[in-house]
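First the proteins, then the strands, lettered A, B, ... as listed; each starts at 1.
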Amino acid sequence: MGHRNYLIKRGLSTIPMFVGLSVLIFTLARVIPGRPARLALGPRASDEAVQNLREQMGLDKPLWEQYFDYVGGVIQGDLGQSLISNRNVATDLMEYFPATFELTTLAMIIAVFVGVPLGVVAGQHKDRWPDNASRLFSFFNVSLPPFWAGILLQLVIAFQLGWLPATGRVGDVSPMPIETTGLLLVDSLLAFNVPAFVSATQHLILPAITLSLAPIADIARMTRSSFIEEYDKDYVEGLRTHGIPERLIAYKYVLRRSFASSLTIIGLDYGFLLGSAFVVEIVFSWPGMASYGVEAILQKDINAMVGVTLVVGASFLLVNFAVDVLYGVFDPRVWHDGDSQ
Amino acid sequence: MSGDPLVSVRNLEKYYPVDTGLFSRTESYVKAVDGVSFDIMPGETFAVVGESGCGKTTLGKTVARLYEATGGTIAFEGQDITDLDGKALRQLRRDIQVVYQDPSSSLNPRRRIGAIVKEPLAVHDVGTKAERDERVAELLRRVDLPVEFRHRYPNALSGGQKQRVAIARALAVEPKFVVLDEPTSALDVSVQAKVISLLDDLQDELDLTYLLISHDLSLVKNVADRIGVMYLGNLMEVTDSRTLFENPVNPYTEQLLSAIPVVESGEQSLKPPSVEVRGETPDPKDPPSGCPFHPRCHRAFDACDAVDPELVEVEDGHQTRCLHDPGPKAEAVAEHRSDDVTQEGVTED
Amino acid sequence: TGNQSSDSTTNDSGDGSPDTDTSDDGSSGSGSGGASFEYVTTVAPSSLDPMKGSDNLETIVLHNVYDPLVYYTDSTPPELQPWLAEDWEVADDGRTYTFNLRSDATFHNGDPVTASDVQYSVQRMMEMQNGFSWMWSGILSPENVTAVDETTVEMVTTEVFAPFLYTLPFLYVVNQEQVEANAASDGNFGEHGDYGTSWLEDNDAGSGPYVLSERERSRQIVIEQNDDWWGSFPDDRYSSVTTEIVQESATAAGRMREGAEMSDQWLPLQTYNDLEGGDDVRVHAKATFNPFYIYMHTQRAPLDDVHVRRAISYAFDYEAALNDVMAGDSDHLQGPLPGAMWSHTEDLPTYEQDFEAAQAELDQSDYSASDLDLNYTYVSGLTTEESMGLLLQSNLQELGGSLTVERAPWSNITEMAANPDTTPDMLAIYLSFSYADPDTFLYPAWHSDSHGSWTSAAWYQNDEVDRLLTEGRRTVAQENRIPIYEEAQRIIAEDAPALFVMNQATRNALSESVQGFQDNGITGYRQTFHRYHQD
Amino acid sequence: MADPILSVDDLSVEFETYEGRHHVLDGVDLTVEEGETVALVGETGCGKSVTAKSIMGTLPRPPGEITSGSITYDGTGLLADADAHARVQGEEMSMIFQDPMTYLSPVYPVGSMMADVATYSGGEDVSWLGMLKNLLGRRANRGEIRERSIELLDRMRIPDPEGTLDRYPVELSGGMRQRVIVAMALINDPTFLIADEPTTALDVTVQDQILSLLRERVEERDLSMLYITHNLGVAREIADRICIMYAGEIVEVGTTEEIFDAPLHPYTRGLLDSIPKLTGFEGDGIDGQIPDYTDPPTGCRFHPRCPAAMAGTCDVEPVESHAVGDDRAVACHLYEDGMSFGEAATVAEEEAGGPTDEPVTAEAGGEP
Amino acid sequence: MSNSETVTADDPGVLERRREDLNRVVYRFKQNPMSILGLCIIFGFVFIAIFAPYIAPYPNDAGYQNQPAVHFDQKFESPSAEHLFGTDQAGRDIFSRVLFGTRLSLRIGVVVLAAAVSIGVPVGLVAGYLGGGVGMALMRITDVFLSVPPLVLALAVSVALEPNLTNVMLAIAAVWWPWYARLTYGEVLSVKEETYVEASRGIGATSTRTIFREILPNVLAPITVKMSLDMGYAILVAASLGFLGLGAQPPTPEWGTMVSQGRDYMPAQWWYSTFPGLAIFLIVLGFNFLGDGLRDMFDVEVQ
Ligand SMILES: Nc1ncnc2c1ncn2[C@@H]1O[C@H](COP(=O)(O)OP(=O)(O)OP(=O)(O)O)[C@@H](O)[C@H]1O
Ligand SMILES: Nc1ncnc2c1ncn2[C@@H]1O[C@H](COP(=O)(O)OP(=O)(O)OP(=O)(O)O)[C@@H](O)[C@H]1O
Ligand SMILES: [Mg+2]
Ligand SMILES: [Mg+2]
Ligand code: NI
């Protein structure tokens, strides 16, 4: 089997997942008690108006028909009207998603760049103090409720020390960079807008750190254990017997394999991170998709809810696809799965 | 040979589908067992030898109905058991038992020895609880294990002891036919000898019939009545054990024999003249055309990569599968045999 | 009866000019140069379509961008003042209203405001069935609105509906031509396509004092002074208003400290308290029209017994509610109506905490204290409502009963209230206010026609009250309506279908520099920026 | 005779584990002469690999600990001087491993590993920069090393050696991998080779091929080799001299013919008897199993399984190695006082006759 | 009969054998001080949960015995000897409420995991054992669930149902079972390859018997370890839902809700959010320590 086949196959396998996901979310959204049409029209709307809106939204059709209508729309980029924003959910998401993306991506980057070295150091010094310290640190991180960690950071760093802003995505800068990617950091850089960039970075730091705490721990733990496991492998002994320098063994051979194992965790953690974003964005008033999603769920804005969950699920699937591809880069055996025993 | 065979296998096939990736609906197979036929007489030990991956285990387990055959038939006591299922199959299991290669993995590490040996009795609902306990004690004694081992977990036993437990379990329901899948290959020689002699004793005592799978020709020579030599899913040569060593006719058997490291100078004379061994077992997913052995064969000629030979009888009870003894395919061979090429002309492709 | 004083409603606050405290029209035309005003809010508007918007921030923007026919003054209770309509009259049948439009009003694109625009606005409102349209459903239909000539509109209500004029400040007039020109052809409204709804989200088609100049969803809305407005601005006017949407009350407070002009009324009490200490910020607190009730399900045992309801009303600790839960500046409600509303009467039975009286009432009922095993539901996230529930819980315990406090999202509550079986025993509600008429409080809450709505969660049924409330609607003259409503209030207060807990003070934080702010208690009309000016 | 190139004297190794202290090697003596192939033969767990690792200096410490003894290579004491050990290990010695499946890094093409071995074996350290260069595939003498590898693989009779270098281990069969491992061991022209069961995982036919390759190479380069196996047949094919090991002790040493023709130690005899032979097989194996190293039997470690164990002697007195002729030694109480095989056999007969067949119940050890 | 008695007489004795097993466990456990600490923390919390009414200075402030108390006149008192953790907006003692909150958190953890395990493990067992189309289908469904972050799905489910505590627990269980299904599936796949499973078939055991006697006992270890790690996560997710406004009904003290409510009063009334958060942190930490110790002990890798 060649690389391309592997990629195509792996890519195709996400399609049924995506369909399953949409069915799941869609069904869940429709069985929610409470009449979205009434909610949309405000508490004092007449029954007649509600009924009209129901028809407009197709809520009186059988569920499967609604589903196909919906999927038809999705294919054309129409995620339906949001009841709370009165806009197409797709438009809303285009606005909110970049903020979430920026936040989660930075958090993931922090997590990888802190977690992997931490895991390697721990693995190299197994059962000695750097290992214990790193493990303890990891334990603390996973156990911190993200919302609480965020609040504490705000309390200390923003309120007490005043080093960084507590909430929001960007300060009072003018002119604001023109939106091209929606990612403020990128946009402000593109526009050479230094104040905006600085402000956006400052605002990003606390929430990104908060979000990254748990993945740091996970990645460190995974890297550590796969590093140790790999270090125990026969071929490492073989290399050592041949007199290969320890540094080369550790960083060329062992790390590459153990990083591949950590990659799987990174993929899973991305999902976890998207979940935590739901609370962290609230804490930091981050104008992202998660706050929008929470609102949508609480307000039973079904289209928005389905849209948000779909996007979250899709990002998760995509990231995991990317992770699998990367996995193949680090561990070429994957490409040859099935080539020979 | 006289009387009716206990086990009779005809054209047995077992193919494993291979996932060839994109879009293809598993059209490709590993033909682990590809048309194997043999009979086993009651009370006899029939051995199958061959190199790793040639399909020995698959053959044994298919005969024991642990795997579904892809084709062919298996008859036990004259009755076709190829398609038994459900209750009838479970009933059959009392008569056919298997002892596995790796004693460590064939015992559940979380159950005590007593429970493991008792399991077949419980499954087939034999006797009362007290009777079963009694039987377990008896079985353990029979395989030379102290009875108090029943309270131990497998990991507190040595490899040889574990294999004895496995044997005790196999014997619990008084089977007639036992498939021994490399029962000693995971054991040290000093322990292997003990287990082999135990199996030998049991066979005499309980009137058992064995299908012994092994890769150790020296071992097989000493314990088997008849031997089948297997290569890439096919039996290459079948005969009684004495004949096989004294008069091997198949080139593969010759190579196998000549490669055995021996420990006694006397043995050397029993080996066929040394022949050059070349190549390795091909990828079973992509077997060579014609005779499966031809790329490695020191006697191959140009017909070998075109014609697939059949197992033919060269003398009474001695079958071989080689174009040098072509059987019904004689004409096809003649067509290809342009010249009397023996050594050269065939290269690995 | 009441067809007499139809014109008396027209007279209030005179002659058709906006009630700017300083006058002199000269300054109004020469636009720019005014200061900019920063309004901070934690609530994002969902729609800026004048026929869709109906909540707080939406109406703030709409009132400043669109002109209705009539307008509220900034007194409490507010009166009506001429706006696009210079004057109007009500025919003797109490159903036919004739409005004379002012001729100098133009839309922001320069088109004159005409009678047919008004007619179109009604049609758009009633066909879209969104936003405030419920106010007129069953009362006004588009075909009963006629443009008599360029500047005269006639509206005929289906029945006599006395509060009609008080509802009109919520009927914004849009530029028909402009809307139609910008309507997308595919939409839910047949020949009208989408009725211009999507265009109106980012553009305006109004004639009001400000022009919508920029809208960045969930970040800010900028409106700029309309130089061609027919009305006049004060001297030190604010020529541009930026509504900044922040997520956190803490951020809002921060913006105020940094010099924003005004913040909305939805910040936590604590934040206002914090702000109050600051230098340049003052917090304006006033109890206007924000009554907080705890409905009791009058059709379910044991609350179906008036004595039980009264007993509970006597058991509640209003003192603690007003002073400890709240900050002491809210009013104790006397009966269903806020004190500031006309027709409110002082002479009503008022409940104070009095366990003896409670016990006495309980003794008169068929139930004993142990039967009081009730459930109190409030809207998730509203800490005040939760605190009130907890307070009531401990009060009832003292009485010998018990109460479970439950939270539910608003969306569930409206659903629950639709059915008597799912309506909770007790429901905490801020009875949100719309038009400045007692009817807006009484009819939706206590008339049996309103059953099924969250405003009527007591499932109160009293034929006399029904009769009075209907009559109040049918009676045109205000002086005749007052006794009717007084009587209704008295009966309701005696029946105690709800705990009339308080009329909560509304707070707004303002920069010291802002002048001209008057809280008239009406959503959106507090923030009529064209009335504000710098000191 | 010249000094042996390798001599191991009285080597004892212990392991600290949570079950307690394992006394694994107990005074191992071993010599390898220049150009000689010595086979170290013994059953699973008897300490063959531990011996090899001690010589190579790759014994994991902890948990392992060398409690006594010395290892001398070409006159250099290795245990005392870690640097010398590292140098010798890198420059002079090389090792081939048992399991071709696990001794190659799965994530690099075999050529890359070979190149690293060629470049770095010798123990010199690598700078971060050097490593970066390495990772980017630009090492100094790349072409030369590649050529050397190709040539070597070719001599290992690997078809398409050039292509093989770029393949990953998964793409190679077991036999191919083992050839690559052998090639890797030979790439830097070692003078001393340790082969730890290099053919155990292979089929007889492939084993045959690898053995003849090794033999050729050893002869051609005049290598000294310590060949570890549990297969006496293999030992017979490859070795000049054989050391039989049991439970961490060398029980018998002798030339190949001597060992096979006249085994002295009861264990050796038992072992030989246990092996199925083409000529026949009556052997009954040896009762019992290898002892528990936390609490090894006192006296002779083999005595609980020994058919000729002399009560009062074998279970009490530690055994010494007794030289029996040149080049031949056996560690058994039977041969004390320079007894010959014949004499010992009589003693053994008597002893074995005494205490009847012990039931398996008496199997030693077994407790976890 | 006499024989079987002699057999048992040889027996080292059940009790002794048990003790032997226990000794080994204790030994492995002692190696890992963190897991001991974890165990102590958890015991501490269990103790608190059981004896909360006796430890808490103001049990009624936490709604004990359905006699909830409020003291609006004492609202927002900062931590003092009288109120160790200060008071909240209703003047209730936060210390008492935090102590009582333990009960709820533990209950959530137990119920959620019990539910998740009783769905996920059978699904994983069946999918793994049957394999083929059925197994594939089951695992695809599981994967779909896995592709939505637990918190998001739990949020949606708990809104879809009425948002009360039971449903919150159900919601979390609904998003949790797939992890167990996947873990079990993976374990079953590897255990299934063990020869003893085939051997069980070979002696004629039915599938059910094979699953329960041979496979299940061998997959329990990783499941147990995961459960102890997950107790913490489940509590965390429940707290997050509480934080988002879906949790226990007042006046039942729930840590997440308390943190969330306290947030409105930051930074002035910092104690309101801080202490409940600390409690969550500690209990989750305890379970993580313990789970990690167990993982070392059973020597399994779970994610
Ligand atoms: N479950 C399976 N699925 C696919 N292929 C299989 C499976 N089991 C065995 N094979 C393949 O079938 C062939 C024969 O395998 P089998 O285990 O029967 O060989 P064997 O002779 O017993 O080998 P060994 O000596 O190594 O035990 C091999 O190529 C193997 O890869
Ligand atoms: N790292 C280690 N930690 C603890 N004990 C060890 C270690 N390495 C080896 N041992 C113990 O030393 C003994 C000898 O092991 P060794 O690997 O030398 O055996 P071997 O003779 O090579 O066996 P095999 O033929 O199975 O390879 C074994 O009992 C083993 O348990
Ligand atoms: Mg096999
Ligand atoms: Mg070894
Ligand atoms: Ni490939």
Exercise for the section: Would you please classify the geometry between the B/Phe293 ring and the B/Tyr252 ring as parallel, tilted or perpendicular, with 30° and 60° separating the classes? Expected result: perpendicular

Practice task
Mind ranking B/Leu187, B/Leu219, B/Val220 by heavy-atom pairs under 4.5 Å with chain D and telling me who comes out on top?
Solution key: B/Leu219

Exercise for the section: Tell me, for D/Glu257 versus chain B, whether the close heavy atoms (under 4.5 Å) come from the side chain, the backbone, both or neither. Expected result: neither

Practice task
Using a strict 4.0 Å threshold on nitrogen-to-oxygen distance, state whether B/Asp181 and B/Lys56 make a salt bridge.
Solution key: no

Practice task
Tell me, for D/Glu237 versus chain B, whether the close heavy atoms (under 4.5 Å) come from the side chain, the backbone, both or neither.
Solution key: side chain

Completion exercise
Greatest number of non-hydrogen atom pairs under 4.5 angstrom with chain B, of D/Gly175, D/Ser212, D/Ala235, D/Gly45, falls to D/Gly175

Exercise for the section: Begin from the C-alpha positions of D/Lys48 and D/Asp196 and carry the test salt bridge (charged side-chain N to carboxylate O under 4.0 Å, His left out) through to its verdict. Expected result: CA-CA 8 Å; D/Lys48 306 182 295 290; D/Asp196 188 356; over 6 Å; no

Exercise for the section: Check each atom of B/Gln192 against the heavy atoms of chain D and say whether the ones under 4.5 Å are side chain, backbone, both or neither. Expected result: side chain

Exercise for the section: Look at the aromatic rings of D/Phe302 and D/Tyr246 and report parallel, tilted or perpendicular, splitting at 30° and 60°. Expected result: perpendicular

Problem - When B/Glu51, B/Gln255, B/Lys221 are compared by non-hydrogen pairs under 4.5 Å with chain D, the top option - result: B/Glu51

Practice task
Pick whichever of B/Ser258, B/Ser190, B/Gly159, B/Ala193 has the most heavy-atom pairs under 4.5 Å with chain D.
Solution key: B/Ser190

Handout entry: From D/Ile244 atom CD1 to D/Glu252 atom CD, the distance as rounded to the nearest 0.5 Å
Key = 6.5 Å

Handout entry: Which portion of B/Asn222 sits near chain D, non-hydrogen atoms under 4.5 angstrom
Key = side chain

Handout entry: Which portion of B/Ser197 sits near chain D, non-hydrogen atoms under 4.5 angstrom
Key = side chain

Handout entry: Nearest atoms (heavy-atom pairs only) where D/Ile96 meets D/Ile181
Key = CG2-CG2, 3.7 Å

Practice task
Quick one: closest heavy-atom pair of B/Ile167 and B/Val143, and the distance?
Solution key: CG2-CG1, 4.1 Å

